[in-house]
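Working notes, structure below.
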Number of protein chains: 2
Amino acid sequence: MSNDRAERAMHPFDAATFLEQTSPGHLRGRSSPSYWNWVGPFGGFVAAVAMRSVVVQPNVVGDPLQLTVNFAGPMQEGPFDVNVRPVRTNRTTQHWVVEITQPVDDVEGAASVAIATITTAMRRSVFSHAELLPPPSPQPDQLSRLSPPWNATWIDQYDLRYAEGVALKSTSGNSRSLFWIRDFPNRNIDYPALAAIADASLPRIFVLRPQFTPSATVSLTAYFHGDANTLAQIGNEYLLTESRSSVFDSGFHDQHANIWSRDGRLLVSTQQIVWYKA
Amino acid sequence: MSNDRAERAMHPFDAATFLEQTSPGHLRGRSSPSYWNWVGPFGGFVAAVAMRSVVVQPNVVGDPLQLTVNFAGPMQEGPFDVNVRPVRTNRTTQHWVVEITQPVDDVEGAASVAIATITTAMRRSVFSHAELLPPPSPQPDQLSRLSPPWNATWIDQYDLRYAEGVALKSTSGNSRSLFWIRDFPNRNIDYPALAAIADASLPRIFVLRPQFTPSATVSLTAYFHGDANTLAQIGNEYLLTESRSSVFDSGFHDQHANIWSRDGRLLVSTQQIVWYKA
């Protein structure tokens, strides 16, 4: 099968986040118009690339546990380079640093687009306890798919079904959203896809306030609860996300989201600090 | 004044986190027996060192906004090296990477003890909104200072007054704690001290379960709400921390804390992923 045919057979997410290894620890990708936001790719695309760059490493220990991505500057159209380094390998955890760079006009050499830390871990069948329960929600088939109120191609890559807190349309007076999400077309979930979905909540300033406010994620952290077997059991089912902010302060707001499986298992707890201009 | 006398005049926190610049971007510190936990320094000490290594840089832009520390391996007694690098400087944000290394017996050269990403930012007087309100709590003078139930010197460096969820003594059946904290002796708060306090919640497994469970923070993230002027207004007053976990899963649990000023301002939202052996 030619490369062209292989790409056509790939899910759009796999094609968009495809990374070619150029030498050990160095990979090359290309920003995808199909996951575009306003001034660059959707941050979840960048998070997914960072995650993918680690999970494809031959010496990775266990499954992803933690991801932090600092969005240093907007990614441009075109190729980018990924530098992946295992900082330290322990018995149950392995610490990675990922830096994504791209040639930029006003910077000599390549500029950092994103810097990420990722921990992978060996999970064990020990004492487990779910303390936080999922919020009540209508089921996905009782809700209609979101028609994006603006032109951002990444939103078309998801089937988003909002129960509460649609951006620019919420009148609740708070920042809470509750929505179902899955890749469109359907795709079995994995860690890169979950990393992208961790950033799918949109800046909470869009829910608190009805007018459009320029904003951008500065840093995103996600913790993954459950190993690869857990994800395999979920397959391509909808995931439920509840998202809210604590404070909007002097041009930056936090936001916190929990992502649940349809049968009520917490898969991801994630938070961001977001810049806004208001 | 000799160095000896200067150190005696310093607050223990400042003495413990003191860093000497060895060359541009390179600093050297020493792990302190006064901030010791079981197998190494209290993680908040390491977080504070990472934060301090950035705020002392001459070219830092604005005040700290975000900190993520990945605890790659336990810090040993003795000196450590800190490598600080500004990854990218934008108009309102600056992205830093900090790596703390130490010679380790079974690793050739130096091993990574911690890797941190830090964002500093210029805040502006724009639209602000407090969505999350502080939880009701008794005042610090209505509570008595915690007598640590074990031998960890770092706990002695704080005046901790628990309203709920004392480690190994809680019978609530959940992981929630609510407590006042300030440095002991009193010290005006700054970002390194706040970074340490972000890690002062103890692993939530100690609150959920009455027995001692070996545990260690894998990664900590803190978002700082408020600039240096905000912190100056707070001075050395008690701060209120509310802390809880969402899930304990297969040897790792998350935990989330909010840290409030006494007059009800959210100063820090922070989260961790913690390894536990149970």
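Letters go in sequence order (proteins before strands), and every chain restarts at 1.
- For chain A, the nearby part of B:Val97 is the side chain; its heavy atoms alone come within less than 4.5 Å.
- Heavy atoms of B:His256 lying under 4.5 Å from chain A belong exclusively to its side chain.
- Only the backbone of B:Phe71 comes within contact range of chain A, with heavy atoms under 4.5 Å apart.
- Side chains of B:Glu131 and A:Ser175: a donor-acceptor N/O pair is present below 3.5 angstrom, by distance only.
- The contact between B:Thr221 and chain A is made by backbone and side chain atoms together, counting heavy-atom distances below 4.5 Å.
- With a threshold of 4.5 angstrom between heavy atoms, B:Arg209 approaches chain A through side-chain atoms but not through N, CA, C or O.
- Only the side chain of B:Glu99 comes within contact range of chain A, with at least one heavy atom under 4.5 Å from a heavy atom of that chain.
- Side chains of A:Asn70 and B:Thr119: a donor on one and an acceptor on the other come within 3.5 Å.
- For B:Ser219, the parts lying under 4.5 angstrom from a heavy atom of chain A are both the backbone and the side chain.
- Within the 4.5 angstrom heavy-atom criterion, no atom of B:Leu133 approaches chain A.
- The contact between B:Gln271 and chain A is made by backbone and side chain atoms together, counting heavy-atom distances below 4.5 Å.
- Contact of B:Ser125 with chain A is not made at all, since no heavy-atom distance falls under 4.5 Å.
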